[in-house]
Amino acid sequence: MEFESKIRTIQWVDNISRMVDQTKFPDEYVYVDIKTGDEMYDAIKTMIVRGAPAIGIAGAHGVVLYALELQKENLSLGDFKSKLIEKCDYLASSRPTAVNLMWAVEQQKNLIKNCKSNIETLISDLTQQAIRMENEDIEINKAIGRYGAEVVPKGATILTHCNAGALATVGYGTALGVVRSAFANDNTIQVFADETRPRQQGARITTLELTMDGIPTTLITDGMCSYFMKKGMIDMVVVGADRIAANGDTANKIGTYTVAIAAKYHNIPFYIAAPLSTIDTSIKTGDEIPIEERSHDEVTHINGKTICADGVNIINPGFDVTPHELITGIITEVGILKPDYNKSIKEAFEKKSPVLV
Ligand code: MRU
């Protein structure tokens, strides 16, 4: 049985990119129309849209928006292409860690570089590619969900960190896609959601989307996970990923590494759920993954109110890297990859994805 989620995070509609504004949660669930490339850069940077696969699609949409703007300048095909490539690189620089953004923009760049016809045909091709990627994202997540559901024990309590759900993708979700698929067959499963300081994606986003879909969810603060693991109340951990190195080391929201260490200590399976587009085989280990440093206000303030002494030192890395030794398996659209990850990742890329044929 397949679970139908009500959530559509981002969609190309009549030459605009329509997305759920995730800075407004949990007070409001509203859509915003992004109409220019610069607006898209800001939407990604300020996290109106966030989550690795969702910002990939946003990047693909952003390239089309820039192309539509440049079309008005009556440029030659050559000048149009070189200006658009510059815009692509600018868009790809809006956030550094999630490789899906660079992956999606790179696919658009390939179309631009190879175009020999004319501007109208190129814009149509860029639009079609963005729409195809958007639709495929949902199918990929459903495939991840089906594979992941096979390793969810009956009646399991699943711990997750941050939000790797429908709202981090076009719809359905990666880690929460596994939850949705498992729940479709067994409505006794439940989720423990880490709050995920500093931006509280677990509290603001994961609890919202799971509640909307009627999946039982308990919110805990980040420091509580080992307490519940020790009590035997967590059966497995499933989280998403922003970038996975060739050896399986995985960058995800700050705090994920701590959860993985606690899971290892308590002998609890720890899974990553991510599409192949999150795997960056150009880098050998997690040491090479660029980690975004975010605004200090995210740490010093909650809901606009200061929570610490003035003048205290602040550091705010947005992500950490979980070493591959702590990862039980990587759930992808072509199956669950197991250690040795260098080998299983290579094999996964050789396999043809069932949803992409
Ligand atoms: O900073 P965010 O909210 O974009 O971070 C999101 C995460 O870390 C997610 O877990 C990750 O992108 C996977 S989303 C399917």
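Side-chain atoms of N141 and T174 include no donor-acceptor pair closer than 3.5 Å. Residues T97 and E292 bring no donor and acceptor atom of their side chains to less than 3.5 Å of each other. Remark: the N252 side chain and the T250 side chain contain no N/O donor-acceptor pair separated by less than 3.5 Å. Using a 3.5 Å distance cut-off with no hydrogens or angles, the side chains of D38 and Y66 do pair a donor with an acceptor. Side chains of Q201 and H161: no donor on one and acceptor on the other come within 3.5 Å. Residues R18 and Q11 bring no donor and acceptor atom of their side chains to less than 3.5 Å of each other. With 3.5 Å as the limit, one finds no donor-acceptor pair spanning the side chains of T196 and D194. Inspection of the N316 and E293 side chains reveals no N or O donor paired with an N or O acceptor under 3.5 Å.
Listed here is the closest heavy atom pair of T278 and A241: CG2-O, 3.4 Å. Pairing each heavy atom of V63 with each of L84, the nearest pair is O-CD1, 3.7 Å. Taking both residues in full, the closest heavy atoms of F319 and R95 are given as CZ-NH2, 3.6 Å, listed atom of the first, atom of the second, then distance. A pairwise comparison of heavy atoms in R146 and S181 identifies N-OG, 3.7 Å as the closest pair. Of all the heavy atoms in I205 and F25, the pair that sits closest is CG1-CD1, 3.7 Å. Smallest separation of non-hydrogen atoms from L126 and A67: CD1-CB, 4.1 Å.
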Check against side-chain contact (heavy atoms from CB on, under 4.5 Å), V20 and L167: CA-CA 8 Å; V20 179; L167 286 160; 4.3 Å; yes
With salt bridge (Lys or Arg N to Asp or Glu O under 4.0 Å) as the test, would you mind laying out the steps for D280 and R243 before giving the verdict? CA-CA 6 Å; D280 183 355; R243 195 185 295 225; 2.8 Å; yes
Before giving the answer on side-chain contact (heavy atoms from CB on, under 4.5 Å), spell out for N163 and L176 the whole-Å C-alpha distance, their side-chain angles and the decisive distance to 0.1 Å. CA-CA 8 Å; N163 172 264; L176 299 189; 3.8 Å; yes
Apply salt bridge (Lys or Arg N to Asp or Glu O under 4.0 Å) to residues D242 and K253 and explain how you reach the verdict. CA-CA 8 Å; D242 287 83; K253 182 53 54 195; over 6 Å; no
Between N247 and T285, does a side chain to side chain donor-acceptor pair (under 3.5 Å) hold up when you go through it step by step? CA-CA 6 Å; N247 71 344; T285 76; 5.1 Å; no
For E288 and K284: C-alpha separation, side-chain torsions, deciding distance, then whether salt bridge (Lys or Arg N to Asp or Glu O under 4.0 Å) applies. CA-CA 8 Å; E288 295 169 63; K284 289 196 179 73; over 6 Å; no
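No side-chain donor-acceptor contact under 3.5 Å links S344 to the backbone of P339. Using modelled atom types, one side-chain atom of N114 and one backbone atom of N110 make a donor-acceptor pair closer than 3.5 Å. Between the R199 side chain and the C162 main chain, no donor and acceptor come within less than 3.5 Å of each other.
Counting non-hydrogen atoms of other residues, nucleotides and ligands closer than 6.0 Å to CZ of F270 gives a total above 12. Atom CD1 of I307 is surrounded by more than 12 heavy atoms from other residues, nucleotides or ligands within 6.0 Å. Counting non-hydrogen atoms of neighbouring residues, nucleotides and ligands closer than 6.0 angstrom, the NZ atom of K113 exceeds 12 such neighbours.
The pair E209-R204 does not meet the salt-bridge criterion, since no charged nitrogen lies less than 4.0 angstrom from a carboxylate oxygen. Salt-bridge formation is detected for the pair K109/D89: a Lys NZ or Arg NE/NH1/NH2 atom is positioned less than 4.0 Å from an Asp or Glu carboxylate oxygen. A salt bridge is defined here as a Lys NZ or Arg NE, NH1 or NH2 lying under 4.0 Å from an Asp or Glu carboxylate O, and K338 with E347 fails to meet this definition.
The aromatic rings of F228 and F192 lie perpendicular to each other, with more than 60° between the two planes, well past the 30° mark.
A cation-pi arrangement is absent between K24 and Y29, since the terminal nitrogen or guanidinium carbon is not both under 6.0 Å from the aromatic centre and inside a 45° cone about the axis.
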